[in-house]
Every structure is written in structure tokens, then in C-alpha cells.
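See below for the structure under consideration.
When a ligand or atom number is given, it counts from 1 through the structure's own listing order.
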Amino acid sequence: MSNCIFCKIVAGEIPSTKVYEDEKVLGFKDLNPMAEVHNLFIHKDHTQDLNDLSDNKQDQLGDIFSAISKYSKESKLAEDGFRVVTNIGNNGGQTVFHTHFHVLGGQRLGGFGS
Ligand code: AMP
Ligand code: ZN
């Protein structure tokens with residue numbers, strides 16, 4: 001989508017600090033990190049959110065989660081553990097409407113039962 005900032009990152013029109021890339025998936029550092037390690041993983045092919053992806057391009061889930069898993073092992077994040085989060089819509093706090101998965105780690109994370 002031409003007005004989507006994450007599509008612009010994929011196209012190289014907006015700079016990003018890449019941490020992972022393959023044919024289909026891009027991982028890059030979040031501009032406003034909420035943890036020692038805070039990356040965003042996206043599919044290069046635009047969808048709006050997890051439900052749009054699930055309805056229309058479900059194969060992307062495997063691409064994205066395989067990439068996150070591979071990255072976590074290569075970066076050693078997997079050794080200490082990490083968290084994957086996706087926000088959907090207003091109550092979820094979604095601000096960028098290109099499906100993305102926050103990959104958080106590098107420290108003991110609070111909330112969610114800890
Ligand atoms: P969400 O609130 O789940 O939609 O997350 C959007 C995330 O994108 C936020 O954590 C922002 O800090 C991050 N973000 C917005 N613009 C950029 C950018 N140009 N490069 C990297 N991260 C960004
Ligand atoms: Zn997009």
C-alpha cells in the first residue's frame with residue numbers, strides 16, 4: 001500500500017535498522033523500544049492486521065513465525081526467552097495498520113502472569 005509506512009520500509013523509502021530479512025519477511029528495530037530488545041517482524045506483502053491476514057493470506061503466518069523462530073535462535077534471544085505480541089485495532093493499541101509482530105526480550109519482561 002502506497003501510504004503505509006511499513007510498506008515504505010520494505011521498499012527502502014523509509015530507513016530502518018534491519019535485524020532479519022528473507023525473501024518474504026523483514027525484521028527491524030522498533031523506533032520506540034519498550035524492552036532491551038524490541039524488534040518488529042512483518043511480511044513484505046501488506047495486510048492490515050492479524051484478522052485480515054488470517055482471512056486472506058494465511059500462509060504468511062508460517063512465513064513470519066518461522067522467521068521469528070530462526071532469528072531468535074541466531075540472535076541467542078531464544079536462550080533466555082522472549083515474547084511475541086501483535087496488537088489489533090483500538091483496544092489492542094494498534095497504531096500502524098500493516099500486520100506486525102513485536103518481538104521483545106533481552107530482559108525479564110513484566111506483566112502477563114510474571
Ligand atoms: P502498534 O502500536 O502495535 O501498531 O506498533 C507500532 C510500532 O511501530 C510502535 O511500537 C512504534 O514505535 C513502531 N514504529 C512506528 N514507526 C516506525 C518506524 N518508522 N520504524 C520503526 N518502528 C516504528
Ligand atoms: Zn503495508
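Nearest protein heavy-atom neighbour of atom 18 (C) of ligand 1: Leu31 CD2, 3.8 Å. What sits closest to atom 20 (N) of ligand 1 on the protein, heavy atoms only, is Ile9 CD1, 3.8 Å. Of all protein heavy atoms, the one closest to atom 1 (P) of ligand 1 is His100 NE2, 3.1 Å. Summary of contacts: the protein heavy atom closest to atom 4 (O) of ligand 1 is Thr95 N, 2.7 Å. Nearest protein neighbour of atom 7 (C) of ligand 1, counting heavy atoms only, is Asp30 OD2, 3.5 Å.
Taking distance alone, with nitrogen or oxygen atoms compared against 3.5 Å, His38 stays at or beyond that limit from ligand 1. Geometrically, ligand 1 and Ile5 share no nitrogen or oxygen pair separated by less than 3.5 Å. For ligand 1, one of its N or O atoms has an N or O atom of Val96 under 3.5 Å away. In terms of N/O distances under 3.5 Å, ligand 1 is not approached by Gln94.
When only modelled atom types and interatomic distance are considered, Asn39 and Tyr20 share no side-chain donor-acceptor pair under 3.5 Å.
Under a 4.0 Å heavy-atom criterion, Met34 is not in contact with ligand 1.
An angle of 120° is found at the Zn ion (ligand 2) between Cys4 atom SG and Cys7 atom SG, rounded to 10°.
Annotation: Asn90, atom CG; neighbour count of heavy atoms from other residues, nucleotides and ligands within 6.0 Å does not exceed 12.
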